[in-house]
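Would you mind keeping the following structure in view while I ask a few things?
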4 protein chains.
Amino acid sequence: MQNTDGSERPATAPDRSLAVPDRLLSAASRLFADRGFERTSVQELVSAAGVTKGAMYHYFTSKDDLLYAIYQRVLTMQMERLNRFAGARGTPRERLYGAAADVVHTTVDNLDDTRIFFRSLHMLSDDRQTAVRKERRQYHERFRAIVEEGRRSGEFRADVPADIAVTQYFGAVHHLSTWYHGAGELTGAQVGAYFADLLLSGLTPDEPGGADPPGPAVQ
Amino acid sequence: MQNTDGSERPATAPDRSLAVPDRLLSAASRLFADRGFERTSVQELVSAAGVTKGAMYHYFTSKDDLLYAIYQRVLTMQMERLNRFAGARGTPRERLYGAAADVVHTTVDNLDDTRIFFRSLHMLSDDRQTAVRKERRQYHERFRAIVEEGRRSGEFRADVPADIAVTQYFGAVHHLSTWYHGAGELTGAQVGAYFADLLLSGLTPDEPGGADPPGPAVQ
Amino acid sequence: MQNTDGSERPATAPDRSLAVPDRLLSAASRLFADRGFERTSVQELVSAAGVTKGAMYHYFTSKDDLLYAIYQRVLTMQMERLNRFAGARGTPRERLYGAAADVVHTTVDNLDDTRIFFRSLHMLSDDRQTAVRKERRQYHERFRAIVEEGRRSGEFRADVPADIAVTQYFGAVHHLSTWYHGAGELTGAQVGAYFADLLLSGLTPDEPGGADPPGPAVQ
Amino acid sequence: MQNTDGSERPATAPDRSLAVPDRLLSAASRLFADRGFERTSVQELVSAAGVTKGAMYHYFTSKDDLLYAIYQRVLTMQMERLNRFAGARGTPRERLYGAAADVVHTTVDNLDDTRIFFRSLHMLSDDRQTAVRKERRQYHERFRAIVEEGRRSGEFRADVPADIAVTQYFGAVHHLSTWYHGAGELTGAQVGAYFADLLLSGLTPDEPGGADPPGPAVQ
DNA sequence: TATGAATGAGGTTTCATTCAT
DNA sequence: CATGAATGAAACCTCATTCAT
């Protein structure tokens with residue numbers, strides 16, 4: 001597990017059973033997460049991967065290209081998983097719960113990539129930033145569609161924009177990479193259950209006679 | 001208002017009525033938010049501030065020092081506001097609502113700083129990272145204390161750890177800097193109201209007979 | 001006493017009873033000796049002297065000027081002392097011994113200045129380098145004159161150029177600043193006696209039947 | 001041959017037949033001797049060597065590293081030569097003469113390095129200063145051992161500490177770089193003979209009835 | 001495929017000195 | 001006499017990338 005206090009995990013010997021591109025991706029994921037994209041030099045990268053500089057430039061056109069490969073890996077994986085849950089049978093409530101809990105679980109399992117995802121977007125070339133944003137938006141829309149469906153069916157409250165609820169949720173998920181340590185804590189599945197639970201509670205319409213939200217306490 | 005699509009706002013003429021340190025902080029906040037800390041050269045910085053490099057190093061010991069000053073500004077401001085709401089009269093529900101809506105409001109008003117806050121923490125020196133984390137943790141604890149209080153009084157549900165709820169909330173707030181554009185959208189106050197509302201809904205105990213959260217739909 | 005291992009002596013509080021120029025000279029002597037002329041910034045200098053930068057530039061036109069003042073102090077003092085011994089009554093042998101022992105003694109008493117003298121000459125402006133070299137040469141000539149006198153009188157051997165002997169001697173004296181530590185060693189006067197003794201032994205004509213210098217043992 | 005008056009020798013075209021590190025060492029030796037370590041910029045250095053800055057940092061980790069390489073070259077060469085003479089056959093007198101004359105000869109042949117050696121020690125990092133001092137001390141001890149040997153055998157006088165005699169000698173040798181011009185003067189071998197001669201004369205015991213060193217003439 | 005020496009532009013920082021007050 | 005903010009040139013060094021082998 002990674003640490004989130006800014007210190008770095010000890011270097012690990014490169015896994016020589018992997019192919020060169022995978023060794024590089026693996027080292028990049030770890031190093032970019034630990035010290036940031038710009039603090040990681042190509043030399044450190046290839047040393048950690050047990051590869052030479054020339055070899056790296058054989059497989060990746062640039063350091064930026066390596067970063068982008070990490071984004072692609074995350075985007076593809078998350079979209080594929082979301083599709084599984086969104087397309088399953090069940091009520092919107094059930095499907096949203098499944099998807100919401102799963103994204104937490106997989107995020108916890110890939111904390112390095114998540115940390116990189118939100119921290120280093122601005123280091124990509126403009127074209128690639130745009131491409132990533134577009135894919136991310138599609139993912140977001142797919143998720144939101146489940147919420148909209150539940151609103152139409154009356155399962156979810158309609159007085160809060162679906163967009164707000166979804167955005168809030170993914171904000172929280174993304175934020176995991178800032179505080180989740182892993183060791184001696186809740187498992188990814190447990191956190192996923194809590195998170196999904198909170199999401200659904202927030203979307204559940206108030207019972208008649210339920211407590212009204214108060215106005216501001218100050219000013 | 002800033003944009004969140006990676007492109008940059010047009011350069012503004014430095015406000016010559018401000019003192020040199022303030023001109024620098026102002027330019028730094030804008031540039032670090034737009035192109036990132038490491039993509040902003042000291043030369044760009046001082047040019048944008050209408051100041052010479054030597055003048056900058058007269059007031060700040062390093063580029064890192066300038067970044068840290070931004071962190072301090074955010075931390076001080078947020079803690080001061082939280083204290084106002086936390087210490088006000090009212091039920092935990094009312095005080096939590098006030099604090100939760102306010103942090104969204106001020107976050108929207110200082111999107112540049114917020115974006116920097118979470119994106120560039122790893123660019124600070126180790127000592128300063130530690131200091132920022134510590135102050136941030138205190139802020140977080142202060143917020144959580146309100147939730148705990150409401151749990152003891154029975155206003156809030158006790159089956160979700162307070163820590164999870166608070167962390168989730170701040171994740172969402174922090175995430176604002178990734179998607180909130182400002183122009184032609186909800187105002188900061190409106191977003192704050194929605195966010196606080198969702199938070200309180202999530203913390204409100206289920207009415208007897210209310211819908212149970214479903215188990216996972218897949219797997 | 002100073003150390004010769006490259007480490008620095010602890011900072012001393014500036015002696016506020018001295019006039020500003022003297023405080024500066026005192027601090028400069030210490031700092032230039034400890035960390036070298038170029039490693040000492042004007043800011044460190046004025047801080048150590050308990051003076052402001054403006055005050056320094058009031059009395060000295062440049063950092064170079066301050067360095068030159070140290071050279072002048074050394075040159076004046078040494079020439080004045082040499083004149084005392086050279087002009088005294090006595091045989092060349094006696095006068096040379098006196099001057100030779102004295103220069104060692106005063107060198108040991110002013111190790112900082114001596115260290116600076118030989119190490120930082122090249123940091124002076126060209127004009128000043130020339131001036132210092134000229135004065136130094138005069139000093140040297142004055143000393144050599146005593147040797148020449150002794151050669152003419154037959155007290156000193158004539159088969160080694162006087163220049164060589166004198167140069168060798170001052171080389172050794174200058175070198176004191178590299179190895180003489182002061183604490184728990186010979187006093188300056190003792191070292192002076194040994195040095196002068198060796199000089200005179202070297203200049204004393206061989207007794208008839210004395211050992212001849214051997215040829216080279218190798219090659 | 002170099003000059004010792006502070007002016008600089010004209011630039012020479014870099015010898016393109018040498019490898020890059022050697023070209024750099026060669027240029028560094030010349031420039032550091034002429035204008036001093038800190039007055040020589042890395043840019044000047046690489047220009048003189050006909051090399052780019054990047055190439056330099058490929059072979060040397062820093063400017064300091066380049067300086068240290070010069071120290072190592074001197075130390076290694078001198079120690080190797082001393083070992084040849086110290087381990088040769090012959091009386092202490094013969095071996096000391098050989099070593100003493102040789103160190104002068106090689107010093108004159110490498111005046112640039114010698115000048116750098118004693119002038120720029122304080123510009124090395126602390127660790128390296130310590131390392132150089134240690135090696136230098138070993139060299140010194142090896143030389144002194146010959147003197148001690150001669151004292152035990154009665155060849156050398158015992159009333160002056162061997163340390164003093166040796167230190168004095170090396171002071172003189174080191175000082176050569178301050179005054180020896182080379183052109184139209186004594187050759188290195190000649191100066192070596194004179195120096196060694198003076199050293200041995202100084203160490204030779206006084207004949208019975210020889211002149212006593214006088215007491216101080218003044219004070 | 002793979003190497004690693006070499007490039008060269010650009011980075012942050014230092015610092016002696018000036019000058020309005 | 002003294003201040004200290006401001007200057008601006010120049011310093012050392014890094015690093016992604018290229019290319020001859």
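The model shown is predicted, which means the values in this text are computed figures rather than measured ones. Numbered from 1 within each chain, the chains take letters A, B, ... in sequence-line order.
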- Query: Is the distance from OP1 or OP2 of F:dG4 to the nearest side-chain N or O of C:K53 less than 4.0 Å?
  - Reply: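 Indeed not, no polar side-chain atom of C:K53 lies that close.
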
- Nucleotide nearest C:Y59 when distance is taken to its side chain, options E:dA6, E:dA2, F:dC1: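 Minimum distance to the C:Y59 side chain belongs to F:dC1.
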
- Query: For DNA chain F, whose closest nucleotide is more 5', that of B:P21 or that of D:D64?
  - Reply: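 Whichever sits nearer the 5' end wins; that is B:P21.
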
- Message: Just to be sure I understand the rule, does D:H58 reach a base, reach only the sugar-phosphate, or reach nothing, if contact means heavy atoms closer than 4.0 Å?
- Response: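 The answer is base, as D:H58 lies within the cut-off (heavy atoms under 4.0 Å) of a base atom.
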
- Is the shortest side-chain N/O distance from B:Y57 to OP1 or OP2 of E:dT13 below 4.0 Å?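 For E:dT13, OP1 or OP2 has a side-chain N or O of B:Y57 closer than 4.0 Å.
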
- Message: Let's see if you can work this out: which of E:dT3, E:dT1, F:dC15 has an atom nearest to the side-chain heavy atoms of A:A55?
- Response: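 Nucleotide nearest to A:A55's side chain: E:dT3.
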
- Between F:dA16 (P) and A:E38 (CD): distance, integer Å: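 So the two atoms are 11 Å apart, to the nearest Å.
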
- Looking at every strand, decide which applies to C:V20 at a 4.0 Å heavy-atom threshold: base, sugar-phosphate, or nothing.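 C:V20: no heavy atom of the nucleic acid under 4.0 Å.
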
- Candidates F:dC13, E:dT13, E:dT17 - which lies nearest the side chain of B:S62: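 Shortest atom-to-atom distance from the side chain points to E:dT13.
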
- Message: Counting only Watson-Crick pairs (N1-N3 plus N6-O4 or O6-N4) and G-U wobbles (N1-O2, O6-N3), all under 3.5 Å, who is the partner of E:dA5?
- Response: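 Looking at the geometry, E:dA5 pairs with F:dT18.
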
- Query: So, are B:D113 and B:R73 salt-bridged, with charged N and O less than 4.0 Å apart?
  - Reply: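 Here B:D113 pairs with B:R73 in a salt bridge, since their nearest N and O are under 4.0 Å apart.
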
- Task: May I have the distance from D:M56 (atom CE) to F:dC12 (atom P), rounded to whole angstrom?
- Result: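 To the nearest whole Å, that distance equals 9 Å.
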
- Message: Please classify the nucleic acid contact of C:V51 as base, sugar-phosphate, or nothing, using heavy-atom distances under 4.0 Å.
- Response: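 Result for C:V51 = nothing.
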
- Strictly by modelled atom types, are D:H122 and C:R119 linked by a side-chain donor-acceptor pair under 3.5 Å?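 A pair is found: one side chain offers a donor N or O, the other an acceptor, under 3.5 Å apart.
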
- Query: Taking the side chain of A:V42 as its heavy atoms from C-beta onward, which of F:dA16, F:dC13, E:dT12 lies nearest to it?
  - Reply: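 The listed nucleotide nearest to A:V42's side chain is F:dA16.
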
- Task: Look at all strands and tell whether A:T61 reaches a base, only sugar-phosphate, or nothing, counting heavy atoms closer than 4.0 Å.
- Result: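 A:T61: no heavy atom of the nucleic acid under 4.0 Å.
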
- Determine, for D:D34 against D:R39, whether the closest basic-nitrogen to carboxylate-oxygen distance falls under 4.0 angstrom.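 Not counted as a salt bridge, because no side-chain N and carboxylate O are separated by less than 4.0 Å.
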
- Message: With nearest nucleotide decided by heavy atoms, which residue, A:G54 or B:Q43, maps closer to the 5′ end of DNA chain E?
- Response: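 Going by which nucleotide is closer to the 5' end, it is A:G54.
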
- Message: Could you tell me how far apart C:L67 (CG) and E:dA16 (C1') are, to the nearest whole angstrom?
- Response: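 Those two atoms, CG and C1', are 14 Å apart.
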
- Message: Rounded to whole Å, how long is the line connecting atom CZ of A:R39 with atom C1' of E:dT12?
- Response: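 After rounding, the reported distance stands at 12 Å.
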
- Which word best sums up how the rings of B:F32 and B:F37 line up, parallel for under 30°, tilted for 30 to 60°, or perpendicular for over 60°?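 The rings of B:F32 and B:F37 stand perpendicular, inter-plane angle above 60°.
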
- Query: Given atom CG of C:L24 and atom C1' of F:dA2, what is their separation to the nearest angstrom?
  - Reply: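 That distance rounds to 13 Å.
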
- Query: C:K63 NZ to E:dT17 P: how many Å, rounded?
  - Reply: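 Roughly 8 Å, once rounded to whole Å.
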
- Query: For D:L66 and F:dC12, what is the distance between atoms CG and P respectively, to the nearest whole Å?
  - Reply: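 Checked: the CG to P distance equals 11 Å.
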
- Distance in angstrom units between D:L45 CG and E:dG8 C1', rounded: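 Value for this atom pair: 17 Å.
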
- Task: State, without any angle test, whether B:S125 and B:Q129 hold a side-chain donor-acceptor pair at a distance under 3.5 Å.
- Result: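 There is no such pair (donor and acceptor under 3.5 Å, judged by atom type) between the side chains of B:S125 and B:Q129.
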
- Message: Check this for me, if you would: do A:R128 and A:D64 make a salt bridge, where the nitrogen-to-carboxylate-oxygen distance has to be below 4.0 angstrom?
- Response: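 A:D64 and A:R128: salt-bridged.
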
- If you measure from the C1' atom in F:dT21 to the same atom in E:dT1, how many Å do you get, rounded?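 Nearest-Å result for F:dT21 against E:dT1 at atom C1': 13 Å.
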
